[in-house]
Number of protein chains: 2
Amino acid sequence: MNLPPLAQAFVLHFGEMGSRWGINRTVGQIYALLYVSPRPLNAEDIVDALGVSRSNVSMGLRELQAWNLVLPKHVPDDRRDHFTTPDDVWQILRTLAEERKKREVDPTLSVLRELLMQEPGNDADRHAQARMAAMHGMIESLTTWYDDVKRLESERLAALLALGARVTKLLEAKDRVVGLVRGKKEA
Amino acid sequence: MNLPPLAQAFVLHFGEMGSRWGINRTVGQIYALLYVSPRPLNAEDIVDALGVSRSNVSMGLRELQAWNLVLPKHVPDDRRDHFTTPDDVWQILRTLAEERKKREVDPTLSVLRELLMQEPGNDADRHAQARMAAMHGMIESLTTWYDDVKRLESERLAALLALGARVTKLLEAKDRVVGLVRGKKEA
DNA sequence: CAGTCATTTCAGAATTTTCTGAAAGTTAGG
DNA sequence: CCTAACTTTCAGAAAATTCTGAAATGACTG
């Protein structure tokens, strides 16, 4: 590997974290490399920078494109494919959330739905189904919320996060108002 | 494996999803089994239900306890250790979020902080550092928000999610009010 | 404190995942 | 179409992870 020190440390870290994030070391490193690179890189550049085989880079790029984390970017007068990462970090976050949901949550949601349709044959399954219903309800709320929030543009999303749990304060205020109105009506 | 059909399907699914969730098949299955079980189970119960080795169960339980997803629960007049999962699904969500943050986000945040302290030695590293700063900022907002929200009790958290992106409406309303006040002051 | 029951540890077997080099496939230009 | 540049595929090697059985450890009881 042959990179400036800070870039290298970043790339190595992403390689190490890869397995915890559900990708492999090479994929993590390729992503990190493209992320800090000032210009699109071609496969050979990546081979040189990381010291892994050409075929490994090819597979890694394929996976990253499947995740929508890396985009092909045509460079004029060069036949070779070049690649970059989108540079809006909020967009990256949205992409990551979307893809992880697709891989890690959706399959479970659909299995739960299916199992909740079935008729339990005994007490054990009746209890199991009740537990599944609880889990299903929670995941459902979570994904409904997510479907709502994912549409926010970067700036608004950042604002929402900045607000933090002070949202709760707004909620409380709203509750008070609603309570007040109800009180008046009932009075 | 010897379980009622719905419980079995659930357990098998968790086993399959395990690798995507960063745990192994047995760990996924043990969790699922305890989750749907109407009472705490001991290690031998788990061996019987899942058909894996005793030692594998021991290691799996250890990992699940490290994740705080499974708790030892003493059963009177029984020498053996028994285990359960907490049953509030919102509590489970909080635990999961906390542990995944600890494993998947915190190490990166600390590496980023460290690398941002260093003096870049050339233009490439200067650019790399700028990109890292962008990523750091995004993760920081995210974790600040999370630190806020994780304190909410289950009921309030559910309410927040139920509100969804309508929070944005509140934000807009707030912006309008603030704008109004500013306008008045300036007038 | 010997014996039994329960749990953990750990070395190596089994399995799965990752990575490579060679071969096949694809595309643009002559 | 032929060739050269580039990319992908894929079988098997290498590495990492998961799982097991045997042995060690711990802890309660008579």
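Numbered from 1 within each chain, the chains take letters A, B, ... in sequence-line order. Every value quoted in this text rests on a predicted model; they were computed, and no experiment measured them.
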Margin query: What is the separation between atom CD1 on Ile46(A) and atom C1' on dC19(C), rounded to the nearest whole Å?
Written below: 16 Å

Next item on the list: Using a heavy-atom cut-off of under 4.0 Å over every strand shown, decide if Asn42(B) touches base, sugar-phosphate, or nothing.
Entry: nothing

Item checked: Length of the line joining Arg80(B):CZ and dC28(D):P, which is rounded to integer Å -> 15 Å

Item checked: Phosphate-side-chain proximity, Arg54(A) and dT7(D), N/O vs OP1/OP2 below 4.0 Å -> yes

Item checked: Check against side-chain contact (heavy atoms from CB on, under 4.5 Å), Leu33(B) and Leu3(B) -> CA-CA 9 Å; Leu33(B) 178 63; Leu3(B) 282 167; 3.8 Å; yes

Note to self: Using OP1 and OP2 only, check whether a side-chain N or O of Ser55(A) sits under 4.0 Å from dT8(D).
What the structure shows: no

Item checked: Parallel, tilted or perpendicular: rings of Tyr31(B) and Phe14(B) (30°, 60°) -> parallel

Checklist line | Distance in angstrom units between Asp78(A) CG and dT27(C) P, rounded | finding: 17 Å

Next item on the list: Please check if the side chain of Gln91(B) supplies one atom and the backbone of Ser154(B) the other of a donor-acceptor pair under 3.5 Å.
Entry: no

Checklist line | Integer-rounded Å distance: dG3(C) C1' and Arg79(B) CZ | finding: 11 Å

Notebook entry, point to check: Name the one of Arg94(B), Glu98(B), Glu99(B) that satisfies side-chain hydrogen bond (donor to acceptor under 3.5 Å, both in side chains) with Asn68(B)?
Noted result: Glu99(B)

Notebook entry, point to check: Given dC19(D), is OP1 or OP2 found less than 4.0 Å from the side-chain N or O atoms of Thr26(B)?
Noted result: yes

Margin query: Starting the side chain at C-beta, find the nucleotide from dT7(D), dT8(C), dT20(C) nearest to Met59(A).
Written below: dT20(C)

Next item on the list: Looking at every strand, decide which applies to Asn56(A) at a 4.0 Å heavy-atom threshold: base, sugar-phosphate, or nothing.
Entry: base

Check: Could you give the CD-to-C1' distance, from Glu63(B) to dC19(D), as a whole number of Å?
Finding: 13 Å

Note to self: Between the base of dT8(C) and the side chain of Arg62(B), is one N or O donor paired with an acceptor at under 3.5 angstrom?
What the structure shows: no

Note to self: Measuring from the side chain of Asn24(A) (C-beta onward, heavy atoms only), which nucleotide among dT20(D), dT7(D), dC19(C) has the closest atom?
What the structure shows: dC19(C)

Next item on the list: May I ask you to say what Arg25(B) touches in the nucleic acid, namely base, sugar-phosphate or nothing, with a heavy-atom cut-off under 4.0 Å?
Entry: sugar-phosphate

Item checked: Length of the CG-P vector between Leu61(A) and dC6(D), whole Å -> 16 Å

Note to self: If I take atom CH2 in residue Trp21(A) and atom P in nucleotide dT17(C), what distance separates them, rounded to the nearest angstrom?
What the structure shows: 21 Å

Margin query: Using only atom types and a distance under 3.5 Å, with no angle test, would you say the side chain of Asp125(B) pairs donor to acceptor with the backbone of Ala128(B)?
Written below: no

Checklist line | Spacing of Glu44(A) atom CD relative to dT7(D) atom P, expressed in whole Å | finding: 8 Å

